[in-house]
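One-based numbering, in listed order, for ligands and for the atoms of each.
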Amino acid sequence: MPDNTRRARDEAFWQTFADRYDLQPGPINLENGYFGRMSRTVVEEYQRNIELINRGNSVHVRQRFEQGESIKIQAQVANLIGVSAETVALTSNATEGLQSLIRNYNRLQPGDQVLICDLEYDTVKGAMRWLAKHRGVDVIEIEHRHPASFDNLIATYRETFARYPRLKLMALTHVTHRTGLVMPVQAIAAAAKEHGIDVILDGAHALGQFEFNLDELGIDFAAYNLHKWIGAPLTLGFLYIAPERLADIDPDMGEMHFALTDIRARTPYSTPNIPALLTLPLVIEEHHAMGGSAAKGTRLNHLRNLWVRAVRELPGIEVLTPDDPRLYCGITSMRFTAQADQQAMVERLLNDYNLFTVVRTGAACGPCIRITPGLTTTADHMKRLVTALTELR
Ligand SMILES: Cc1ncc(COP(=O)(O)O)c(C=O)c1O
């Protein structure tokens, strides 16, 4: 059994890890998809950096942060996904990165088509629809088949590419926040390339849940946050542009602080959360020390499988996310098939079982309850969830 798989089942190991986090007494949090916790040592480092920047003010920021610290941090962030420092620009979150890429993509002509699906994040959908008004393009919106399979996801895109020959740009979400479905990005990007369609990848939930290589995936444009599965303070993210594609993204709204050849010109120029950025080296060190995305993702998958395997076949329950290991990660959604109101069931889970979950709507297959274990979730929490689902169905 590979190390990560063995370790994923080792509750004692994960308890020592969970002990590094301060938790508020209260419901068992199965909604860890919103944002991640910082470890206690990261919180302390963040507090030290707040004080440092408050004391040093612009003297520290102009003499040290702008002169070298921020460049080093940019390189460390790039290293997280195995790309070079010149291909990433720091942002405040994934949304800022995605919207900058969409807004500044300069290869669209009036009459071109752009593509989104039902599983995209709403701010991405909004930005792609914004292109209709500001670039004169048509927005093609598709819905995925349910249940999803590796083949039908690719087939849906292939059919769409054939049906809409004026498609030039599409959004693709690596891990959808609605159901946790992991998209077969490599195959979809390859099919898109055959039709000359560029892909902007939303990696918000991918980073830290599994390893990937953007070159192998065939992705030229992507954006991420660091405050979900990497464990950074809130307000941190980055975008990626393949070096040979930099000219296809304009400087952001006439941005002039950086040279045309500098990727940093592709994001809004503003005062960042400097104490949070200065905390990143420790965050990244801790991420690697615990085995990085591979170890974290294997643990999250294990917790996911503990509940999914126990309830998948139960009458009254539908698990929306497939069990094909290529298509799932720690986040998985379900619904009570005999109940019309999933929100009422989320309240029952909370009030009767002390389990905190959330309803997600917007997927073509209907509303669902999203279950997202985190790095402090235990096998016992999953047992409690199985009991709750079994009794409530
Ligand atoms: C799939 C997806 N994309 C984008 C975002 C936006 O991330 P951020 O809040 O860092 O802007 C989220 C946030 O939950 C998300 O789930």
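Not one N or O of Glu96 is nearer than 3.5 Å to an N or O of ligand 1, by distance alone. Residue Asn225 has at least one N or O atom closer than 3.5 Å to an N or O atom of ligand 1. Ligand 1 has an N or O atom lying under 3.5 Å from an N or O atom of Ala94, backbone or side chain. For the pair Lys228 and ligand 1, the shortest N or O to N or O distance falls below 3.5 Å.
Relative orientation of the Tyr157 and Phe161 rings is tilted, given thresholds of 30° and 60° on the angle between their planes. Taking the six-membered ring where the residue is Trp, Tyr105 and Phe221 present perpendicular rings, their angle passing 60° and hence far from 30°.
When ring centroids are compared, Tyr224 and Phe212 come within the 6.0 Å threshold.
At the top of the distance list for atom 5 (C) of ligand 1, counting protein heavy atoms only, stands Tyr121 CE2, 3.4 Å. Nearest to atom 11 (O) of ligand 1 among the protein's heavy atoms is Thr95 OG1, 2.5 Å. Ranking protein heavy atoms by distance to atom 1 (C) of ligand 1, first place goes to Asp202 OD2, 3.4 Å.
Atom numbering of ligand 1 starts at 1 in the shown order; those under 4.0 Å from a heavy atom of Val175 are 1 (C). Remark: ligand 1 atoms within the under-4.0 Å shell around heavy atoms of Ala204 are 2 (C), 3 (N), 4 (C), 5 (C), 12 (C), 15 (C). Every atom of ligand 1 with a heavy atom of His205 under 4.0 Å away is listed here by number and element: 16 (O). The contact set between ligand 1 and Asn93, taken as ligand atoms under 4.0 Å from a residue heavy atom, comprises 8 (P), 10 (O), 11 (O).
Residue contacts with ligand 1: Glu120 is excluded, as none of its non-hydrogen atoms falls under 4.0 Å.
Checking side-chain atoms of Gln74 against main-chain N and O of Leu90 turns up no donor-acceptor pair under 3.5 Å.
Side-chain contact of Ser293 with Glu211: a donor-acceptor pair under 3.5 Å is absent, judged by distance alone. Side-chain contact check for His227 and Tyr34: no donor-acceptor pair (N or O, by modelled atom type) lies under 3.5 Å.
Both tests do not hold together for Arg37 against Tyr21: distance to the six-membered ring centre under 6.0 Å, angle to the ring axis within 45°.
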Carefully, step by step, assess Tyr121 and His205 under the rule ring-ring contact (aromatic ring centres under 6.0 Å, His included).
CA-CA 11 Å; Tyr121 197 64; His205 268 299; 8.3 Å; no
